[in-house]
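Accompanying notes for the structure given below.
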There are 2 protein chains.
Amino acid sequence: MTRKEEIVNAASQLFKEKGYSAVSVRDIAQATGMKAASLYNHIASKQEILSILILDLANEFTSGMANIRDREISPLQKIEKVIELHIDITVNQSEALAALNNDWMHLGEDDLASFVQMREDYEDNFRNIIKKGIKIGQIQPRHPEVILFSILSTLRTLYLWYQKRGKLDVNVLKKDMVAVLLRGIV
Amino acid sequence: MTRKEEIVNAASQLFKEKGYSAVSVRDIAQATGMKAASLYNHIASKQEILSILILDLANEFTSGMANIRDREISPLQKIEKVIELHIDITVNQSEALAALNNDWMHLGEDDLASFVQMREDYEDNFRNIIKKGIKIGQIQPRHPEVILFSILSTLRTLYLWYQKRGKLDVNVLKKDMVAVLLRGIV
DNA sequence: GTCTATAGTGGGATAGAC
DNA sequence: GTCTATCCCACTATAGAC
């Protein structure tokens with residue numbers, strides 16, 4: 001791991017705990033074992049750290065979704081793949097996920113625009129899968145927005161409790177999550 | 001509305017947009033139409049605003065949950081009532097809800113302890129309802145934590161999209177939400 | 001009850017020695 | 001590549017005039 005990666009890594013943990021704005025570069029420096037001034041040999045600004053965390057992850061979601069969208073499987077199977085995509089990313093990158101969820105509004109102008117666009121595209125792709133599923137009778141004809149956001153809300157905040165209650169095997173989690181989100185609890 | 005309520009109200013909107021730490025008392029003062037120093041005739045500190053927002057709302061959830069818990073209805077009907085409780089609060093207090101979700105960690109020591117306790121109690125009550133439902137065969141025998149947090153995640157972040165996509169009648173939303181969360185989408 | 005002025009602290013970031 | 005020292009600015013909060 002390069003020094004820069006170490007810094008980004010340490011920062012992501014702090015951002016998850018207190019949020020981007022409440023973390024100082026002095027905090028990040030201390031967590032990395034150096035003085036604040038030394039950070040600037042590796043990063044251009046505090047905001048650059050945030051951009052790296054959020055945009056790298058957003059790109060992962062974007063390419064993951066593109067793969068799913070283009071596969072020749074049914075809408076329901078695509079939704080299963082989306083659920084698995086979120087769970088895999090949550091397990092491996094819960095800190096960056098926290099920044100993406102909570103601190104995206106503190107990105108600089110250009111990165112903010114990119115992020116918002118990517119998020120809209122992602123939701124559009126997901127919405128189209130759901131609508132297709134409803135159209136061919138594979139999904140109940142409920143308001144698509146309610147379906148979209150009830151699934152997305154759960155997946156997006158999974159990082160908040162996956163570790164705490166943890167000890168859930170990833171494959172068990174995927175199986176139960178698919179069951180609960182698709183087939184309900186009744 | 002008293003001047004203090006106006007201040008708390010203005011602050012809650014700003015907190016929702018940028019988070020507690022990124023909002024200055026000057027921002028709050030400007031939104032209320034006064035100078036920063038004048039705020040302190042009405043509030044003791046910026047943190048007091050956060051405490052009011054979060055603890056008042058936490059108390060609403062706590063008493064709402066206590067009422068549901070003590071009613072003589074089935075576990076499934078209780079879950080429906082919990083869903084309706086969240087939707088009602090979301091519709092009326094989405095700004096405070098944002099603070100409760102994202103900025104609770106910036107509460108002072110004592111308020112933080114109260115809040116964490118209330119949240120644990122709330123989740124415990126909900127968990128017990130789910131376990132009871134599974135026990136009597138009214139709810140599928142899935143991992144209770146997965147059920148608990150998939151429902152709670154959706155309800156807790158409802159405030160993020162209720163307005164945006166809005167124009168959903170509250171009663172339609174309740175009906176569809178109950179259907180999606182309880183009976184799934186398949 | 002609101003204002004101006006300001007205290008006191010900590011923020012992000014840079015300069016320059018080593 | 002890391003450090004000490006420091007700049008400049010914004011922050012929360014207070015003092016005291018009106």
Side-chain angles (χ1 to χ4, degrees), chain A residues 1-55 95-96 98-99 102-112, chain B residues 1-55 95-96 98-99 102-112:
Chain A
M1 191 155 55
T2 69
R3 212 89 180 85
K4 181 165 184 173
E5 286 168 336
E6 278 178 32
I7 292 167
V8 170
N9 214 49
S12 71
Q13 301 236 23
L14 295 170
F15 292 169
K16 184 183 178 184
E17 287 164 24
K18 307 199 292 175
Y20 174 77
S21 302
V23 173
S24 71
V25 296
R26 288 172 174 83
D27 292 335
I28 298 169
Q30 191 175 27
T32 323
M34 52 169 69
K35 296 294 175 181
S38 309
L39 288 181
Y40 290 89
N41 277 299
H42 306 279
I43 55 154
S45 67
K46 181 185 165 191
Q47 209 180 41
E48 193 205 335
I49 300 175
L50 189 68
S51 292
I52 292 170
L53 283 170
I54 293 180
L55 291 186
E95 287 79 17
N102 304 319
D103 290 316
W104 56 270
M105 71 287 283
H106 301 116
L107 288 169
E109 212 175 2
D110 291 355
D111 288 338
L112 179 61
Chain B
M1 192 154 56
T2 68
R3 211 88 180 86
K4 181 166 184 172
E5 285 168 337
E6 279 178 31
I7 292 166
V8 171
N9 213 49
S12 71
Q13 301 236 23
L14 295 170
F15 292 167
K16 184 182 180 187
E17 287 164 22
K18 305 199 294 174
Y20 173 76
S21 302
V23 173
S24 71
V25 297
R26 288 176 175 84
D27 293 334
I28 299 169
Q30 191 174 26
T32 323
M34 53 169 71
K35 296 292 176 183
S38 309
L39 286 181
Y40 290 88
N41 277 301
H42 305 280
I43 55 154
S45 67
K46 180 186 165 189
Q47 210 180 41
E48 193 205 334
I49 300 176
L50 189 68
S51 292
I52 292 171
L53 282 171
I54 293 181
L55 290 186
E95 287 79 18
N102 304 319
D103 290 316
W104 56 270
M105 70 287 282
H106 301 116
L107 288 169
E109 212 176 1
D110 292 355
D111 288 338
L112 179 61

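These numbers come from a predicted model, not from an experiment. Values reported hereafter were calculated over all heavy atoms of this structure, with side chains retained and with hydrogens, waters and symmetry mates removed. In what follows, chains carry the letters A, B, and so on, assigned in the order in which the sequence lines appear, proteins first and then strands, with residues in each chain numbered from 1.
- Remark: C1' of dG1(D) and CG of Leu39(A) are 12 Å apart, rounded to the nearest angstrom.
- Under the salt bridge (charged side-chain N to carboxylate O under 4.0 Å, His left out) criterion, Glu6(A) pairs with Arg3(A), sequence neighbours left out.
- In this structure, Glu95(B) contributes its side chain and Asn9(B) its backbone to no donor-acceptor pair below 3.5 Å.
- If you measure from atom NZ of Lys35(B) to atom C1' of dT12(D), you get 16 Å, rounded to the nearest angstrom.
- For the pair Lys4(A)/Glu48(A), a side-chain contact is recorded, criterion being any heavy-atom separation below 4.5 Å from C-beta on.
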Give the B/S/- string for nucleotides 5-18 of chain C, one per nucleotide from 5' to 3', where a protein heavy atom under 4.0 Å of the base yields B, of only the sugar-phosphate yields S, and otherwise -. B-----BBBBB---

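- Panel note: side chain Asp111(A), backbone Ser51(A); no donor-acceptor pair is recorded below 3.5 Å.
- Gln30(A) has its CD atom 12 Å from the P atom of dC3(D), to the nearest Å.
- Distance CE (Met34(B)) to C1' (dA13(D)): 16 Å, rounded to an integer number of Å.
- A straight line from CD1 of Ile7(B) to C1' of dA13(D) spans 14 Å, rounded to a whole angstrom.
- Below 30°, between 30° and 60°, or above 60°: for Tyr20(B) and Phe15(B) the angle between ring planes is above 60°, a perpendicular geometry.
- For the side-chain hydrogen bond (donor to acceptor under 3.5 Å, both in side chains) condition, the pairs that include at least one residue of residues 27-39 of chain B, sequence neighbours left out, are Ser24(B)-Asp27(B).
- Contact check of residues 102-112 of chain A against DNA chain C (heavy atom, cut-off under 4.0 Å) returns no residues at all.
- Each ring pair (Phe, Tyr, Trp, His ring centres under 6.0 Å) pair with one or both residues in residues 22-55 of chain B, not counting sequence neighbours, would appear here, but there are none.
- With sequence neighbours left out, Lys16(B) forms a side-chain hydrogen bond (donor to acceptor under 3.5 Å, both in side chains) with Ser94(B).
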